[in-house]
2 protein chains.
Amino acid sequence: MTLSIASWNINSVRFRIGIVEQFLAEEAPDVLCLQETKVIDGDFPTAAFKAMGYTHIVVHGQRMHHGVAIVSRVPLVEDNRLDWQANGEARHVGVRLENGLRLENVYVPAGGDIPDRELNPKFGQKLDFLQRMTEWSSGLDYPTLLVGDFNVAPLPEDVWSHKALLDVVSHTPVEVEALARLQAAHDWVDLGRHFHPAPARLHTWWSYRAKEWAASDRGRRLDHMWASPALAANAVAHRVCEPCRSWLKPSDHVPLITEFDL
Amino acid sequence: MTLSIASWNINSVRFRIGIVEQFLAEEAPDVLCLQETKVIDGDFPTAAFKAMGYTHIVVHGQRMHHGVAIVSRVPLVEDNRLDWQANGEARHVGVRLENGLRLENVYVPAGGDIPDRELNPKFGQKLDFLQRMTEWSSGLDYPTLLVGDFNVAPLPEDVWSHKALLDVVSHTPVEVEALARLQAAHDWVDLGRHFHPAPARLHTWWSYRAKEWAASDRGRRLDHMWASPALAANAVAHRVCEPCRSWLKPSDHVPLITEFDL
DNA sequence: GTCGTGGGCG
DNA sequence: CGCCCACGAC
């Protein structure tokens, strides 16, 4: 059987429910992981998803910021909600699928503007978050798919200009090294680059602030899907749905989809 | 020649420019007076009006609240901006048409919630505003059309329930008496009731807070067009465009139109 | 209920 | 740029 899993930082699932429906209608993934839902669990637009066949819904939201959710056409059960900052922010939810696959959906902190632990506490929190994810990751002993907005673009080819972004949060060496440690801790396979090796252009985010985002194309690859080595062997396709960036009232992130043959 | 003049409390002309265009396309009044434009003069959507042939535009706006404007297909010149509160609020603008007709566009203060001068200063300011309009009105000696949101429903038949609203600001006896003095000061002809005498139902405003506004029909006649006696003799029709209340993203007020044969 | 504004955040 | 919220006004 085949299974398709998508991930999308939606930047308010309520405000953008229309393009989420459009995406599900066009791509029909079996499972969709959302980040930055920005909604408390009671206000999650459950009905819209159920009407489209996504009847299995696991939410972990909060007021105002952050929030993650997983909606699915195939059965799944909630497994855990981890708090890698121990501050109560809703940045992770994990589920188990019927075939035993674990799916972990995470929204890594953005990290503020200044790439300095002392001057900018948020930057330190981001690095600490990645370190605690690394420790968690090293203990995993079952096939897992880790997806979400990691807020780090690791490779030079993951940003529009390696040189221009070396001191910009999301692409600084210290973040890239922290992400490398996380990846090594479970031998995670970066499915994006597995299917589209560097130096291929591969971006998942374009700032709202650039009005001519398509023309200037100053993108970054902040969103990722990482698989346990055994699971990666079953991945048959991976793509970034870049056209979604130009839909009406878009998110600044676009969806990723991986197809598995299990 | 005939001349049609409309008046509409639009509750943000920028937010509702779409239905303003729809109204102009359908009714094509020669002149449209707007209240609660909620826009500073520099941000008034001039281009949209000019594109529809309303090339003569006189605005008197401010940040955030209030604001009035007159847009016209026929030539007119700004005549005055009166401040009947002496507090700088943009609640009036007057123009002269080529035929000598004066058109005065006013947005009377709502007056707050409690109908008591002592407990609620805004109520006193509303009564003072009407008193100063009365003094101004008694000195008029040229044919004038006074239009706008008067925020008073004078007759028992001007509200959905005379009894229920006797103590509700907009229909209290003290406001009704103040409006009667204003009317008497120039022998103003109330064109709404001139063409649709009581007890005919005649409402121009329905609260946003009643979701089933059409079914419950708890309206009030807060908007008016008053003519000097000599001018009123030339009025040939007057109507309230009630369907506008059910358009997409409506104002809580609907437009009024009077046609003159001059 | 539905505006505008201003601040937080990304 | 563009979301969420709090506030004040009507």
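Proteins get letters first, then strands, A, B, ... in listed order; numbering begins at 1 in each. As a basis for the values below, the full set of heavy atoms in this structure was taken, side chains included, without hydrogen atoms, waters or symmetry mates.
- Each of Gly111(B) and Tyr208(A) has a nearest nucleotide on DNA chain D; the 5'-most of these lies closest to Tyr208(A).
- Inspection of the Asp217(B) and Trp206(B) side chains reveals an N or O donor paired with an N or O acceptor under 3.5 Å.
- Residues Phe49(B) and Phe44(B) bring their aromatic ring centres within 6.0 Å.
- Between the NE2 atom of His65(A) and the C1' atom of dC3(D) there is a distance of 9 Å, rounded to whole Å.
- We find that CZ of Arg218(A) is positioned 15 Å from P of dC1(D), with the value rounded to whole Å.
- Nearest nucleotide to the side chain of Lys211(A), out of dG2(D), dC10(D), dC5(D): dG2(D).
- The closest side-chain donor-acceptor pair between Glu36(A) and Asn9(A) falls under 3.5 angstrom.
- Atom CD of Glu36(A) is separated from atom P of dG2(D) by 15 Å (rounded to the nearest Å).
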Test log, rule salt bridge (Lys or Arg N to Asp or Glu O under 4.0 Å), inputs Asp128(B) and Arg117(B)
CA-CA 10 Å; Asp128(B) 294 347; Arg117(B) 286 191 98 104; 2.4 Å; yes
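- Nucleotide dC3(D) holds its P atom 18 Å from the CZ atom of Arg63(A), rounded to whole Å.
- Note that the first and last nucleotides of DNA chain C, 5' to 3', having any atom under 4.0 angstrom from a heavy atom of chain B are dG1(C) to dG6(C).
- When rounded to the nearest whole Å, the span between CZ of Phe150(B) and P of dC10(D) equals 18 Å.
- Defined by atom type and a distance below 3.5 Å, a donor-acceptor pair is missing between the side-chain atoms of Trp213(B) and Ser207(B).
- For the residue pair Asn151(A)/Lys126(A), the side-chain donor-acceptor check at 3.5 Å is not satisfied.
- His253(A) comes within contact range of no nucleotide atom at all, as no heavy-atom separation falls under 4.0 Å.
- Separating the CG atom of Asn120(B) from the C1' atom of dA9(D) is a distance of 13 Å, rounded to the nearest angstrom.
- Toward the 5′ end of DNA chain D lies the nearest nucleotide of Lys38(A), the other residue of the pair Asp149(B) and Lys38(A) mapping further downstream.
- If Met64(A) and Pro109(A) are placed on DNA chain C by their nearest nucleotide, the residue sitting closer to the 5' end is Met64(A).
- With rounding to whole Å, Glu89(B) atom CD is found 13 Å from dG8(D) atom C1'.
- Checking Glu104(A) against His92(A) by side-chain atom types alone, a donor-acceptor pair falls below 3.5 Å.
- Straight-line distance from the CZ atom of Phe15(A) to the C1' atom of dC5(D): 14 Å, rounded to whole Å.
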